[in-house]
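Since the structure comes first, as structure tokens, the remarks are kept for the end.
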2 protein chains.
Amino acid sequence: MQNFKEILDKSTLKATPQRLAILKELESNGHSNIDEIYENVKAIFPSISLATIYKNIISLKEENIITEVCHPKKNKYEVKKEPHAHFICRKCGEVEDIDLDNALTDELIQNYPNSTKELYIYGLCDKCS
Amino acid sequence: MQNFKEILDKSTLKATPQRLAILKELESNGHSNIDEIYENVKAIFPSISLATIYKNIISLKEENIITEVCHPKKNKYEVKKEPHAHFICRKCGEVEDIDLDNALTDELIQNYPNSTKELYIYGLCDKCS
DNA sequence: TTCTGTGCAAATCTTTTGCATGGCA
DNA sequence: TGCCATGCAAAAGATTTGCACAGAA
């Protein structure tokens with residue numbers, strides 16, 4: 001479990017309880033969309049508003065604390081970590097992290113010097129195929 | 001230039017002038033989002049409505065005539081063609097097609113047997129980097 | 001005639017904005 | 001006091017739906 005308070009203290013953003021809850025939700029869920037964040041954080045802060053979620057997602061993105069995962073159904077967000085790939089299921093929308101540690105992907109990405117090392121592969125997950 | 005009338009005739013959809021114009025727009029533009037399609041088709045059919053664009057995009061997707069390109073800013077659409085990769089600029093949003101003909105990508109995709117051979121690489125395009 | 005597709009308007013959903021309030025340095 | 005950040009409500013934007021009409025088989 002990461003120390004989000006410390007991460008926020010180093011940024012321009014204050015470590016409010018709501019922000020910490022959003023980050024905790026992303027960490028435990030892996031990838032969540034706005035609704036999922038809202039529902040799960042609401043369980044802890046019943047008074048939180050959707051607008052707060054949206055505003056925080058924008059500022060956490062700007063501060064490079066979270067990353068947007070482009071998603072065919074609904075964009076998702078994740079706590080920033082090592083560059084890695086995503087496998088996204090075209091049917092159920094499930095997102096799976098893929099390690100980028102093999103020679104193959106390294107080499108592929110070498111061909112795109114300006115790439116941010118974000119690779120996405122679409123297909124069907126085990127359940128849906 | 002593809003024969004879209006023929007393609008539509010083979011599907012369950014009729015080859016209406018509006019549909020043909022949407023496909024022609026996608027073909028000439030490469031990748032367009034809803035607004036771009038609307039604006040450009042409107043130049044030819046001033047009476048076309050946004051609802052018609054939306055409805056057609058849905059049915060053309062269902063018939064596998066077009067493909068949705070997941071895009072951080074606005075989803076784009078393209079006429080279906082050989083499986084290929086996309087390079088998407090995180091800054092300006094430009095989409096660039098990448099051929100999937102090299103051994104590297106072939107091999108990468110072999111590792112994901114259920115992949116639809118859709119690969120996305122994010123980064124900065126030449127202009128933005 | 002029948003069926004599908006179109007275009008308008010309304011409805012719904014999603015996201016953003018403005019503003020008053022509250023908490024913390 | 002002076003900032004941010006929050007939460008509400010309203011506004012703005014995007015997408016979907018219902019319906020009447022038009023056009024092709």
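Below, chain A is the first sequence line, B the second, and so on; all start at residue 1.
The closest side-chain heavy-atom distance from L26(B) to E78(B) is not below 4.5 Å.
Using a distance-only test at 3.5 Å, with no hydrogens or angles considered, no donor-acceptor pair links the side chain of T52(B) to the main chain of I48(B). Looking only at distances, a side-chain donor or acceptor of E27(B) sits under 3.5 Å from a matching main-chain atom of Q2(B).
In this structure, F45(B) places its CZ atom 11 Å from C1' of dT6(C), rounding to the nearest Å. Taking atom CD1 of I34(A) as the reference point, atom P of dA14(D) lies 16 Å away to the nearest angstrom. Here dT15(C) presents its C1' atom at 14 Å from CD1 of I37(A), a figure rounded to the nearest Å. Rounded to whole Å, atom P of dG5(C) lies 4 Å from atom CZ of R19(B). Rounded to a whole Å, the CG atom of L20(B) is 13 Å from the P atom of dA24(D). Taking atom CD1 on I57(A) and atom P on dT6(D), their separation rounds to 12 Å, with Å as the unit. Rounded to a whole Å, the NZ atom of K42(B) is 12 Å from the C1' atom of dG7(C). When the P atom of dT6(C) is taken as reference, atom CD1 of I44(B) falls 14 Å away, rounded to whole Å.
Both I66(A) and Y54(A) are assigned to one and the same hydrophobic cluster, defined by single-linkage of ILVMFWY side chains at heavy-atom distances under 4.5 Å.
With rounding to the nearest 0.5 Å, the separation of CD in E39(A) from CG in D35(A) is 7.0 Å. Distance check: K73(A) NZ to N75(B) CG gives 11.5 Å after rounding to the nearest 0.5 Å.
Listed pair N56(B) / dT6(C) meets the phosphate criterion, a side-chain N or O lying under 4.0 Å from OP1 or OP2. Between T52(A) and dG7(D) there is a side-chain N or O to OP1 or OP2 distance below 4.0 Å. Taking 4.0 angstrom as the limit, T16(A) places none of its side-chain polar atoms (N or O) nearer than this to OP1 or OP2 of dA5(D).
Using bins of under 30°, 30° to 60° and over 60° for the plane-to-plane angle, the ring pair H86(B)/H84(B) lands in the perpendicular bin.
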Polar pairs (N or O, both sides) under 3.5 Å between protein and nucleotides 18-25 of chain C?
from, atom 1, to, atom 2, distance (Å)
dG18(C), O6, K55(A), NZ, 3.0

